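This report concerns only the one structure given below.
Keep in mind that the numbers below use all heavy atoms, side chains included, and drop hydrogens, waters and symmetry copies. Please read all numbers here as calculations on a predicted model, not as lab measurements. Numbered from 1 within each chain, the chains take letters A, B, ... in sequence-line order.
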There are 2 protein chains.
Amino acid sequence: MKNNIRVERAILNISQAELAERVQVTRQTINAIELGKYVPSATLAMKIARAFGKKVEEVFELEEGD
Amino acid sequence: MKNNIRVERAILNISQAELAERVQVTRQTINAIELGKYVPSATLAMKIARAFGKKVEEVFELEEGD
DNA sequence: ACAAAATGTAAAACATACTTTACTTTTAGT
DNA sequence: ACTAAAAGTAAAGTATGTTTTACATTTTGT
């Protein structure tokens with residue numbers, strides 16, 4: 001699972017901590033997802049996309065093997 | 001988390017088992033998600049939406065408390 | 001009404017997301 | 001160079017998604 005979180009954060013100019021707060025998870029969770037360490041729940045993926053004003057598919061992309 | 005899986009399946013006229021096969025999970029998993037018993041992973045949500053030719057947000061909807 | 005297909009359900013085992021606490025490393029601003 | 005903020009990392013614990021096996025109930029077609 002790939003994602004654009006870093007880019008979208010840069011556009012909004014917000015930190016991982018700020019995004020975490022906006023979607024109600026911990027900073028470590030955002031960090032891990034942003035780095036592709038694991039795949040979020042659909043709930044969190046939708047909240048993150050919504051925080052960026054984007055569709056889930058515009059922020060996350062399935063890869064071979066997902 | 002609400003979803004339209006039943007409706008989308010009806011449009012394609014496929015069973016839970018057929019959808020399960022198309023997105024590579026068990027029939028019980030589709031059943032549980034369709035009935036709202038739990039929220040899928042982002043991976044599975046994206047595969048299901050893709051199976052229907054829809055965006056994740058067109059198939060799943062966040063509710064209060066999610 | 002009957003048979004077959006589809007759906008619902010449940011418990012145990014397993015896999016993975018998420019939190020908490022705490023520490024290290026990198027980046028940005030002065 | 002110094003400091004503060006931001007990002008990276010890690011281990012243990014908790015919560016939840018997914019599978020497997022198995023059976024019960026409902027729906028559909030003839």
Side-chain angles (χ1 to χ4, degrees):
Chain A
M1 177 80 78
K2 281 173 53 178
N3 73 81
N4 306 96
I5 295 175
R6 180 156 313 208
V7 173
E8 297 296 337
R9 278 199 307 106
I11 292 172
L12 291 188
N13 194 34
I14 60 176
S15 66
Q16 292 178 347
E18 173 64 22
L19 176 58
E21 199 175 322
R22 294 191 190 183
V23 301
Q24 313 257 65
V25 291
T26 62
R27 180 181 71 77
Q28 286 82 344
T29 294
I30 294 297
N31 183 258
I33 291 167
E34 181 168 319
L35 297 179
K37 298 207 173 179
Y38 54 69
V39 170
S41 65
T43 301
L44 183 49
M46 291 179 77
K47 284 184 182 175
I48 291 172
R50 192 177 57 182
F52 293 145
K54 294 277 169 73
K55 298 285 187 188
V56 169
E57 284 85 351
E58 294 176 309
V59 178
F60 297 94
E61 187 181 357
L62 287 174
E63 300 181 285
E64 326 299 325
D66 277 343
Chain B
M1 176 79 80
K2 281 173 51 180
N3 71 81
N4 307 103
I5 296 175
R6 180 155 313 207
V7 173
E8 296 296 337
R9 278 199 307 106
I11 292 172
L12 291 187
N13 194 33
I14 60 176
S15 65
Q16 292 179 347
E18 173 64 22
L19 176 57
E21 199 175 322
R22 293 191 190 184
V23 301
Q24 313 257 61
V25 292
T26 63
R27 179 181 72 77
Q28 287 81 346
T29 294
I30 294 299
N31 183 258
I33 292 167
E34 182 169 318
L35 296 180
K37 297 209 173 176
Y38 54 69
V39 170
S41 65
T43 301
L44 183 48
M46 291 179 77
K47 284 184 182 175
I48 291 172
R50 192 177 57 182
F52 293 145
K54 295 276 168 75
K55 299 286 187 187
V56 169
E57 284 85 352
E58 294 176 308
V59 179
F60 298 94
E61 186 181 357
L62 287 175
E63 302 180 282
E64 326 300 324
D66 275 343

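- What separates CD1 of A/Ile30 from C1' of C/dC18 is a distance of 11 Å, to the nearest Å.
- Summarising the geometry, the separation between CD on A/Gln16 and P on C/dT25 is reported as 18 Å, rounded to the nearest angstrom.
- B/Thr29 comes within contact range of at least one nucleobase, with a heavy-atom separation under 4.0 Å.
- Not a single donor-acceptor pair under 3.5 Å links the side chain of B/Asn31 to the backbone N or O of B/Gln16.
- A/Asn31 has no side-chain polar atom (N or O) that falls below the 4.0 Å cut-off from OP1 or OP2 of D/dA7.
- Counting non-hydrogen atoms of neighbouring residues, nucleotides and ligands closer than 6.0 angstrom, the CD atom of A/Glu58 exceeds 12 such neighbours.
- Contact annotation: B/Thr26 does not reach the phosphate of D/dT18 (side-chain N/O to OP1 or OP2, under 4.0 Å).
- Rounded to whole Å, atom P of D/dT18 lies 18 Å from atom CD of B/Glu21.
- A sub-4.0 Å separation between OP1 or OP2 of C/dT9 and a side-chain N or O of B/Lys37 is present.
- Heavy atoms of B/Glu34 sit nowhere under 4.0 angstrom from any nucleic acid atom.
- For B/Arg6, the side-chain atoms get nearest to C/dT7 when compared with the rest of C/dA17, C/dT7, D/dA7.
- For B/Ile33 and C/dT7, the CD1 to C1' distance is 15 Å, given to the nearest whole Å.
- In the interface, the side chain of B/Arg27 is not paired with the base of C/dA6 through any donor and acceptor atom under 3.5 Å apart.
- Counting distance only, with no hydrogens placed and no angle test, the side-chain atoms of B/Gln28 and the base atoms of C/dT7 include no donor-acceptor pair under 3.5 Å.
- For B/Asp66 and C/dC18, the CG to C1' distance is 16 Å, given to the nearest whole Å.
- Rounded to a whole Å, the CG atom of A/Leu19 is 10 Å from the P atom of D/dA7.
- Residue order along DNA chain D, read from the 5' end via each residue's closest nucleotide, puts A/Ile14 first among A/Ile14 and B/Val39.
- Checking the phosphate oxygens (OP1, OP2) of C/dC18, a side-chain nitrogen or oxygen of A/Ser41 falls inside 4.0 Å.
- Looking at every heavy atom in both residues, B/Ala51 comes nearest to B/Val23 through CB-CG1, 4.0 Å.
- When all heavy atoms are compared, the tightest approach of B/Met46 to A/Phe60 is CE-O, 3.2 Å.
- Atoms CZ (A/Arg9) and P (D/dA6) sit 10 Å apart, rounded to a whole Å.
- Regarding A/Met1, its CE atom lies at a distance of 13 Å from the C1' atom of C/dT16, rounded to whole Å.
- With C/dA6, D/dT18, D/dG8 as the candidates, the nucleotide lying closest to the side chain of A/Leu35 is D/dG8.
- If you check distances only, the side chain of B/Gln24 never reaches the base of D/dT18 with a donor-acceptor pair under 3.5 Å.
- The cluster map of Ile, Leu, Val, Met, Phe, Trp and Tyr, joined by side-chain heavy atoms under 4.5 Å apart, puts B/Ile14 and B/Ile11 in different clusters.
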